[in-house]
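Heads up: numbering here begins at 1 and tracks the sequence.
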Amino acid sequence: METPESNFSKLNLVLPPAPKPLGVYKPCLIDGKYLYLSGHGTVQTDGSLIIGRIGADMDIEAGKLAARQVGLAMLSTIKANLGSLNRVKRVIKVLGMVNCTEDFLRHPYVINGCSELFAEVWGQENGIGVRSAVGMGSLPDNIPVEVEAMFELHEGA
């Protein structure tokens, strides 16, 4: 039987370290059967951040890869706090924020980098939730993408 953990293993990806809060907030919070993740950035495996503004410092494909890296950081937070990706039943909502020039219009394409990763881990049915993808004039530390999300947990998880 395929599980989120086995699906992730097949991708041969490496998780970055779970990011530490850069302010006064919790990286994740469980309320009943829901898991909320605070906004995550582009943490790489060495702990450094991908930096840059889409449309100025990087192109759309680099932005999409940055969004995928944010998704990996989110998976790392889930594993660090819940022990296993298998505790998550499905993705409920994703909010993707893109640090971009004012003439950039393809925010959803960039955030697909994160959404496609979640679909690979939890499958098409459970890995795709509702979503917003918006452009921002800036993001913390000049990261290109920030994503926050809400997940449903398995009963008793």
Flag the pair [X] / [Y] as yes when at least one side-chain heavy-atom distance between them is below 4.5 Å, and no otherwise.
X	Y	value
T101	I54	no
I78	C28	no
R53	P144	no
P27	L37	no
L153	K89	no

Nonpolar side-chain network containing Y36, other nodes, edges under 4.5 Å: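 Listed partners: Y34, I92, M150.
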
Hydrophobic cluster of I51, others only, ordered by chain and residue number, side-chain cut-off 4.5 Å: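 Besides I51, the cluster holds V43, L49, L95, M97, V134, M136, L139, I143.
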
Qualifying residues under side chain to side chain donor-acceptor pair (under 3.5 Å), relative to S76, sequence neighbours excluded: none

R106: side chain to side chain donor-acceptor pair (under 3.5 Å) partners, not counting sequence neighbours: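 Residues passing side chain to side chain donor-acceptor pair (under 3.5 Å) with R106: none at all.
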
With K93 via salt bridge (Lys or Arg N to Asp or Glu O under 4.0 Å) - residues at least two apart: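 K93: no salt bridge (Lys or Arg N to Asp or Glu O under 4.0 Å) contacts found.
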
Salt bridge (Lys or Arg N to Asp or Glu O under 4.0 Å) involving E61 - partner list, sequence neighbours excluded: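 Here no residue qualifies.
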
Donor-acceptor pair between R131 and S115 side chains, under 3.5 angstrom: yes

S6 side chain to S9 side chain, donor-acceptor N/O pair below 3.5 angstrom: no

Cluster overlap V94 with L65, hydrophobic side-chain contacts below 4.5 Å: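 Different hydrophobic clusters.
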
Hydrophobic cluster membership, L85 vs M74, 4.5 Å side-chain cutoff: yes

Side chain to side chain donor-acceptor pair (under 3.5 Å) pairs, two or more places apart, involving residues 133-144: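 Pairs touching residues 133-144 that pass the test: N99-N142.
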
CG-CG distance between L117 and L11, expressed to the nearest 0.5 angstrom: 7.0 Å

Point-to-point distance, once rounded to the nearest 0.5 Å, from NZ of K64 to CG of D59: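 One finds 12.0 Å between NZ of K64 and CG of D59.
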
Full working for salt bridge (Lys or Arg N to Asp or Glu O under 4.0 Å) between K10 and E2: CA-CA 10 Å; K10 290 176 195 169; E2 290 189 358; 3.1 Å; yes

Salt bridge (Lys or Arg N to Asp or Glu O under 4.0 Å) partners of residues 68-85, not counting sequence neighbours, each pair once: E5-K79, R68-E120

Selection residues 24-43 - residue pairs positive for salt bridge (Lys or Arg N to Asp or Glu O under 4.0 Å), sequence neighbours left out: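 The answer is K33-E152.
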
By side-chain contact (heavy atoms from CB on, under 4.5 Å) - contacts of K20 (at least two apart): none

Partners meeting side-chain contact (heavy atoms from CB on, under 4.5 Å) with D46 (sequence neighbours left out): Q44, S48

Pairs where residues 78-126 contributes a residue and the test ring-ring contact (aromatic ring centres under 6.0 Å, His included) is met, not counting sequence neighbours: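 Sorted result for residues 78-126: F104-H107, F118-W122, F118-F151, W122-F151.
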
Residue pair G96 / V147: nearest heavy atoms and the distance that separates them: CA-CG2, 4.2 Å

